[in-house]
Amino acid sequence: MNRRDLLKTLTALTGASISGISSSVFAAPATQNRLLLVFLRGGYDASNLLIPTSSNFYYEARPNIAIARPSADANSALEINADWGLHPALRDSIYPLYKKGEAAFIPFAGTDDVSRSHFETQNSIELGQALNTTRNFHSGFLNRLAEVLNNNSAMSFTDQLPLMMQGNAQIANTSLRSLGKGNVDSRQSKIISQMYSKTGLGQQVSEGFAVREEVVREMQDEMNVANRNAISTKGFEQEARRIAKLMRDKYALGFVDVGGWDTHVNQGGASGALATKFDELGRGLVAYQQEMGAAWRNTTVVVISEFGRTFRENGKRGTDHGHGSVYWVLGGGIKGGQIAGEQVRLDASKLFQNRDYPVLNEYRAVLGGLFAGIYGLNAKQLDQVFSGVTSRDLGLI
């Protein structure tokens with residue numbers, strides 16, 4: 001068995017990536033400022049998240065799935081301003097944060113990639129490199145950010161290390177969905193560690209098991225309560241609480257992805273499949289905010305997706321792969337309560353290729369501006385993360 005295959009096998013056994021673990025994962029972050037990036041895989045329908053309520057064309061284009069303009073009806077959009085409303089499923093979660101100035105939205109955001117392919121566009125975004133050059137598929141932009149932060153306290157809360165987190169910096173990954181279902185117990189972990197103690201992989205194997213044991217210890221009390229009170233650990237809300245408990249004390253940079261946003265058929269409007277997902281996501285993000293406690297004031301959460309969806313509904317009461325999206329920015333210290341970035345009034349003439357949101361706020365420029373504000377990065381450091389890109393300060397940090 002070669003080294004790569006051996007590492008894969010040990011990763012499966014420990015539940016944590018051991019190919020990218022350094023001793024820094026056990027240290028408190030050097031910076032008090034924290035960032036969690038949430039990636040909605042599948043291309044969520046941003047037009048029914050942040051509703052362009054002043055656009056008559058929106059209501060013409062979506063006869064079955066549009067969200068009604070703000071009114072006393074509980075199924076209508078939540079009023080943001082004269083042009084925008086928020087999906088009613090977020091009434092008790094994200095909307096109160098917005099009103100408090102702890103949430104903001106950036107419409108017309110995204111990448112220049114026009115493939116409308118989930119995999120290609122996800123790769124493009126995760127790499128964060130120019131599309132018209134030879135790209136390095138072993139260098140994700142969050143990994144480069146971790147390098148700029150001197151490899152400081154980064155963790156991917158995923159089963160596998162995502163492309164976004166791959167690169168020179170040593171970053172660990174671990175899934176928090178099934179902490180109680182480890183494939184090896186402590187006795188077996190010790191035996192395996194002893195087997196490799198005198199080999200070149202000894203330290204990596206030992207640290208891999210140590211990471212998993214550390215995470216389990218952190219969560220044991222919460223897991224015990226969950227078992228006694230029959231609280232499910234499968235949803236994003238519980239996972240978000242677990243992530244927060246680790247981000248509070250250990251990590252300055254985190255990543256998690258949430259799938260299932262590809263809504264081609266029976267998407268629904270104020271209720272239905274997409275509304276349920278918005279509700280679950282919103283409750284999870286608020287759970288994260290609550291669990292962060294006092295650290296929330298130094299925390300930023302950014303929610304992105306690979307693309308938006310078609311502005312017009314399709315013949316199956318769903319939406320198809322699109323282009324521009326809406327990014328979310330949450331945090332206790334942000335200048336929220338606003339719709340940020342460049343915007344246009346939506347009518348048929350403003351659509352990209354007569355079907356999608358245009359991209360007016362390029363994602364690398366937007367994220368670069370956020371990184372500068374969160375971590376105090378200078379232009380040279382930002383160029384290490386997004387080479388050749390001029391960052392944009394949207395006034396959120």
Side-chain angles (χ1 to χ4, degrees), residues 28-40 49-50 78 80-81 84 86-87 89-107 109 142 145-146 149 152-157 176 218 222 236-258 278-304 326-341 361 366-377 391-397:
T31 175
Q32 64 178 347
N33 295 330
R34 297 162 177 82
L35 168 68
L36 177 69
L37 188 82
V38 181
F39 198 115
L40 307 184
L49 179 280
L50 187 66
L78 305 168
I80 293 289
N81 58 31
W84 301 101
L86 194 63
H87 195 288
L90 300 174
R91 180 182 306 277
D92 298 322
S93 57
I94 303 304
Y95 191 53
L97 290 182
Y98 182 88
K99 301 291 280 187
K100 287 169 56 180
E102 296 184 0
F105 299 94
I106 307 170
L142 280 188
L145 176 59
L149 298 174
N152 180 65
S153 303
M155 173 64 87
S156 180
F157 300 98
L176 303 184
E218 288 283 334
E222 183 267 348
F236 179 65
E237 183 175 354
Q238 280 302 108
E239 187 172 8
R241 289 190 184 278
R242 291 170 168 174
I243 291 171
K245 288 182 178 182
L246 294 174
M247 289 291 292
R248 264 193 330 233
D249 304 318
K250 297 181 180 299
Y251 302 110
L253 177 62
F255 173 86
V256 65
D257 47 12
V258 182
F278 282 150
D279 176 53
E280 293 169 345
L281 179 66
R283 286 190 287 106
L285 293 171
V286 168
Y288 182 85
Q289 174 250 334
Q290 293 170 345
E291 206 67 55
M292 289 300 291
W296 177 245
R297 65 177 178 267
N298 300 314
T299 294
T300 306
V301 177
V302 180
V303 181
I304 70 173
V326 175
Y327 291 179
W328 315 18
V329 182
L330 317 175
I334 72 165
K335 300 172 184 175
Q338 61 173 309
I339 307 301
N361 302 296
V366 168
L367 293 178
L370 292 173
F371 297 164
I374 294 166
Y375 298 115
L377 305 184
S391 297
R392 293 183 60 190
D393 181 2
L394 299 184
L396 294 175
I397 304 294

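- When all heavy atoms of N33 and I374 are compared, the closest pair comes out as ND2-O, 2.8 Å.
- Between L246 and M155 there is no side-chain heavy-atom pair separated by less than 4.5 Å.
- Closest heavy-atom contact between S93 and R283: CB-N, 4.0 Å.
- Taking the six-membered ring where the residue is Trp, Y288 and W296 present perpendicular rings, their angle passing 60° and hence far from 30°.
- The shortest non-hydrogen separation linking G336 to A104 is CA-CB, 4.1 Å.
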With side-chain contact (heavy atoms from CB on, under 4.5 Å) as the criterion, how do L285 and F236 come out once you've worked through the C-alpha distance, each side chain's angles and the decisive distance to 0.1 Å? CA-CA 9 Å; L285 293 171; F236 179 65; 4.2 Å; yes

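- Within a 6.0 Å sphere centred on CG of D92, heavy atoms belonging to other residues, nucleotides or ligands number 12 at most.
- At least one donor-acceptor pair under 3.5 Å links the side chain of R297 to the backbone N or O of A294.
- Although no hydrogens or angles enter the test, the distance criterion places no donor-acceptor pair under 3.5 Å between the side chain of R34 and the main chain of A295.
- Checking each of Y98, F278, Y95, F105 against H87 for a ring pair (Phe, Tyr, Trp, His ring centres under 6.0 Å) leaves exactly one that passes, namely F278.
- If you take CD on Q289 and CD1 on I94, they are separated by 9.0 Å, rounding to the nearest 0.5 Å.
- Atom CD of residue E237 and atom CZ of residue R242 lie 12.0 Å apart, to the nearest 0.5 angstrom.
- In terms of heavy-atom proximity, T299 sits nearest to M292 at OG1-CE, 3.3 Å.
- To the nearest 0.5 Å, atoms CZ (F157) and CG (L37) are separated by 12.5 Å.
- The distance from the CG atom of L370 to the OH atom of Y375 is 11.0 Å, given to the nearest 0.5 Å.
- Side-chain contact between L145 and L377 is present, with at least one heavy-atom pair separated by less than 4.5 Å.
- The two residues M247 and A252 come nearest to each other via the heavy atoms CE-C, 4.3 Å.
- In this structure, the side chains of I106 and V326 stay at 4.5 Å or more apart for every pair of heavy atoms.
- Side chains of T300 and I334 form a contact here, defined as non-hydrogen atoms less than 4.5 Å apart.
- Using a distance-only test at 3.5 Å, with no hydrogens or angles considered, a donor-acceptor pair links the side chain of R248 to the main chain of E291.
- Between L281 and L40 there is a side-chain heavy-atom pair separated by less than 4.5 Å.
- Using a 4.5 Å heavy-atom cutoff, the side chains of F371 and L35 are in contact.
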Do L90 and L49 pass the side-chain contact (heavy atoms from CB on, under 4.5 Å) test, and can you show the C-alpha distance, the side-chain angles, and the key distance before you say yes or no? CA-CA 9 Å; L90 300 174; L49 179 280; 3.4 Å; yes

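- Between V302 and the options L367, L330, V38, a side-chain contact (heavy atoms from CB on, under 4.5 Å) holds for only L367.
- Nearest heavy atom pair, residue A340 against residue P107, reads O-CD, 3.4 Å.
- Residues L50 and Y327 form no side-chain contact, since every pair of their non-hydrogen atoms from C-beta on lies 4.5 Å or further apart.
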